[in-house]
Amino acid sequence: MIRKLYTILLIGLCLNLVACGDDHENVDPNAAAPVIKFPMEQLDVDLNKVDNLPVVAVVKSQAGLRSVTMKIQTTEGTVDYKTVTDFFNPNSYSLSERVEYEANFQAFVIEATDKLNHVVTETLPIVVTDVVERPAITFDPAEIVYDEMEENPTIPRTTFKVTSEAGLKKVEMYLVSVSGQVSKGTAELNNEAEYNFDEMIDYKEGDKGFKVKAEDTYGYITIATLPVTYKTIPGPELTLADQVIFADTDVKTGVNIQAESVRGVHEVVIYRIENGQEVEAYREQKNGEHALNYTPKIDLTESTSQLKVVVSDGRAGKEAIGYVKTYVNMDVATVHVGSQPLANNAHDKFPDAFGMLSFNDMKTYSIDYAISSEANAKNVDLKFYCFGGAGVPRLYSMDNTEKDSEFNGSTGKLSTIKAKNMTRFATLTDFDFDNATVTSISEILSSSISISKLTPFAVGDVIAFRTGSSSTAGGARIGVMKVVSMTEPKELLPSNATARVMTLEIKFPKKK
């Protein structure tokens, strides 16, 4: 609006002077002195801007101008700026000067002399806004250091102040970490001279600083960062000497714990994992030992599938956790079982993989062993058979004689066996084999285990078994086994697809 008014006044003055004519021939001795007109009473200059208005004026003279002299009045005095003596129209002169303003300017002075030597002076006051400082950001404290080695380290509140001569437009905040920066908010301001921030920022490991970006009304920007030093120390290190523990419920079981801690061990906790739930079995406050090697003893139950050991140095989140697989009142074994072509003569790659499996001994026996005596016959519980060109696997109980004629020993066939244990099978579809316990196995219904010929089955299957009454392992005992792996047809004997070896993991509750 100011610029439009400025332009209209200037055009009006120029038109008035043109109307006065251009009489250079005859000078009227009674002509009036020159007149100097400024379009505004005061010129406001802001050195923070690049588009300040020029000095504009119109000088008119009836007698004709001889010279127009321009000067700048400063706080130190008056300095010459420019003198004009050559006029296109001596009766009117319009000036527009783009002055390089400085902070000490006070006025622009115009002195006009006409051909009758009349001298007229007019002054345009200039009010200058000096260059302002960029926004200032001050943090208190100037640095945040969190040292985990201190006994009770604390994080102070994040406090800072932003000041601006020009007035603040906005302040932006960011949390800087090793992974980048995250916005912590923006304050939109209305030319306030000051902004204060006081909040609790929970710095953590990996944080590097709190960055503040302040912008004033001129668009000047200041960026400052509060340094954050988060001194971490490693948490405890835990070594469990036993990866697997076999235990009984009638005695306490020792858990060998080896731990190291820079800050010192403050607590050890042991949990039993039972049916997927943690049950606290042991808790002890320690004395800040930097090295720990001891064996606390705990009670286990038939529902315990593993132990969880937690070693802490007393700080939240700084702990070491280890797990120990636990078998309570349970026999566990991994065995290789050979199919009928390998039942009496094991393959060189699996020298212990014969065809008859004993749940009492958790190992396999040959046909010659099984048929040599009644006692031996009672000590084998199942046989492994593969059928046809695809080598389809089957499990048979000893009393199922369907394929006995294909089990040949060096002293006779399996059909001559003197006792036939009545083992029974069932495939389980929803059973947690990895965490099987005596308790979870006891929940399998005996009546559901009724098959004497299990076919087909595959790697990954979980199979429940129930021993026959005459078994050396004891009658009507229930256990579970998982098919871990199986050789491919013709892998062991290229000419015979039925020669295969199956690997079973067996979990069998002990006799009561």
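Numbers here are sequence positions counted from 1. Note that the coordinates shown come from a computational prediction; the quantities given were computed from them, not determined experimentally.
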Between Lys325 and Asn435, does a side-chain contact (heavy atoms from CB on, under 4.5 Å) hold up when you go through it step by step? CA-CA 9 Å; Lys325 189 68 182 174; Asn435 295 303; 3.5 Å; yes
For side-chain hydrogen bond (donor to acceptor under 3.5 Å, both in side chains), just list the numbers for Gln73 and Thr123, CA-CA rounded to whole Å, side-chain angles, deciding distance to a tenth of an Å, and then say yes or no. CA-CA 9 Å; Gln73 181 180 323; Thr123 299; 5.4 Å; no
Given the rule in the side-chain contact (heavy atoms from CB on, under 4.5 Å) test, do Glu199 and Thr158 qualify, once you have shown the distances and angles that lead to the verdict? CA-CA 5 Å; Glu199 288 189 15; Thr158 299; 5.7 Å; no
Evaluate the criterion side-chain contact (heavy atoms from CB on, under 4.5 Å) for residue pair Ile110 and Leu95; output intermediate values, then yes/no. CA-CA 10 Å; Ile110 299 177; Leu95 62 90; 3.6 Å; yes
side-chain contact (heavy atoms from CB on, under 4.5 Å) assessment of Ser164 paired with Tyr220: CA-CA 10 Å; Ser164 171; Tyr220 293 149; over 6 Å; no
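A side-chain donor from one of Glu274 and Thr301 sits under 3.5 Å from a side-chain acceptor of the other.
The side-chain heavy atoms of Val480 and Phe431, taken from C-beta on, include a pair separated by under 4.5 Å. Here the side chains of Met330 and Ile441 are in contact, with some heavy-atom distance below 4.5 Å. At least one side-chain heavy atom of Pro393 sits less than 4.5 Å from a side-chain heavy atom of Met486. Contact of the Lys308 side chain with the Ile321 side chain is registered, since non-hydrogen atoms from C-beta on lie closer than 4.5 Å. Between Lys49 and Tyr218, the closest side-chain pair of non-hydrogen atoms falls below 4.5 Å. Looking only at side-chain heavy atoms (C-beta outward), Lys286 and Leu292 come within less than 4.5 Å of each other. With contacts defined as side-chain heavy-atom distances shorter than 4.5 Å, the pair Val99/Phe108 qualifies. The shortest side-chain heavy-atom distance between Asp299 and Lys252 falls under the 4.5 Å cut-off.
If you take CD1 on Ile155 and CG on Asp207, they are separated by 8.5 Å, rounding to the nearest 0.5 Å. Here the OG1-CG distance, from Thr427 to Leu454, works out to 4.0 Å after rounding to the nearest 0.5 Å. Taken from CG in Leu238 to OG in Ser312, the straight-line distance is 12.0 Å, to the nearest 0.5 Å. Here the straight-line distance linking atom OG1 of Thr159 with atom CG of Leu226 works out to 9.5 Å at 0.5 Å rounding.
Of the charged side-chain nitrogens involved, at least one lies within less than 4.0 Å of a carboxylate oxygen, so that Glu302 and Lys512 count as a salt-bridged pair. Glu491 has no carboxylate O lying under 4.0 Å from a charged side-chain N of Lys349, or vice versa, which leaves the two without a salt bridge. Ion pairing between Lys318 and Asp313 fails under the 4.0 Å rule for side-chain N and carboxylate O.
When Arg477, Arg424, Met481 are each tested for a side chain to side chain contact (heavy atoms under 4.5 Å, CB included) with Phe465, only one passes: Met481. In summary, of the residues considered (Val484, Leu395, Leu357), a side chain to side chain contact (heavy atoms under 4.5 Å, CB included) with Met502 occurs for Leu395 alone.
Judged by distance alone, the side chain of Asn52 and the main-chain N or O of Asp46 form a donor-acceptor pair under 3.5 Å. Side-chain N or O atoms of Asn329 include one that pairs as donor or acceptor with a backbone N or O of Thr249 at under 3.5 Å. Panel note: side chain Thr222, backbone Ala214; no donor-acceptor pair is recorded below 3.5 Å. Put simply, the side chain of Glu192 gets close to the backbone of Asn190: a donor and an acceptor are under 3.5 Å apart. In this structure, the side chain of Thr217 engages the main chain of Ala166 through a donor-acceptor pair within 3.5 Å. Side-chain N or O atoms of Lys507 include one that pairs as donor or acceptor with a backbone N or O of Phe433 at under 3.5 Å. In this structure, the side chain of Thr326 engages the main chain of Val324 through a donor-acceptor pair within 3.5 Å. In terms of modelled atom types and a separation under 3.5 Å, the side chain of Thr304 and the main chain of Gln306 share no donor-acceptor contact. Under the 3.5 Å distance criterion, the side-chain polar atoms of Arg466 are left unmatched by any main-chain donor or acceptor of Ala476. Looking only at distances, no side-chain donor or acceptor of Asp331 sits under 3.5 Å from a matching main-chain atom of Pro509.
Annotation for Gln277: atom CD does not count as buried by contact number, only 12 or fewer foreign heavy atoms lying within 6.0 Å. Glu41 CD: 12 or fewer foreign heavy atoms inside a 6.0 Å radius. In this structure, Lys511 places its NZ atom where more than 12 heavy-atom neighbours from other residues, nucleotides or ligands lie under 6.0 Å away. Atom CG of Asp86 has 12 or fewer heavy atoms from other residues, nucleotides or ligands within 6.0 Å. For Gln258, the CD atom counts as densely surrounded, since its 6.0 Å shell holds more than 12 non-hydrogen atoms of other residues, nucleotides or ligands. For Glu237, the CD atom sits in a loose shell: 12 or fewer heavy atoms of surrounding residues, nucleotides or ligands are nearer than 6.0 Å. More than 12 non-hydrogen atoms from other residues, nucleotides or ligands lie less than 6.0 angstrom from CD of Glu194.
A cation-pi contact, defined as under 6.0 Å to the ring centre and within 45° of the axis, is absent between Lys184 and Phe197. For the pair Lys213 and Tyr174, the cation does not sit on the ring face, since its NZ or CZ is not both under 6.0 Å from the ring centre and inside 45° of the axis.
Using cut-offs of 30° and 60° on the angle between ring planes, the pair Phe160 and Tyr195 is tilted.
Note on residues 479-488: pairs passing side chain to side chain donor-acceptor pair (under 3.5 Å), not counting sequence neighbours, are Ser485-Thr503.
Remark: Tyr282 engages no residue in a ring-ring contact (aromatic ring centres under 6.0 Å, His included) (not counting sequence neighbours).
Aromatic pair Tyr203/Tyr146: centroids not less than 6.0 angstrom apart.
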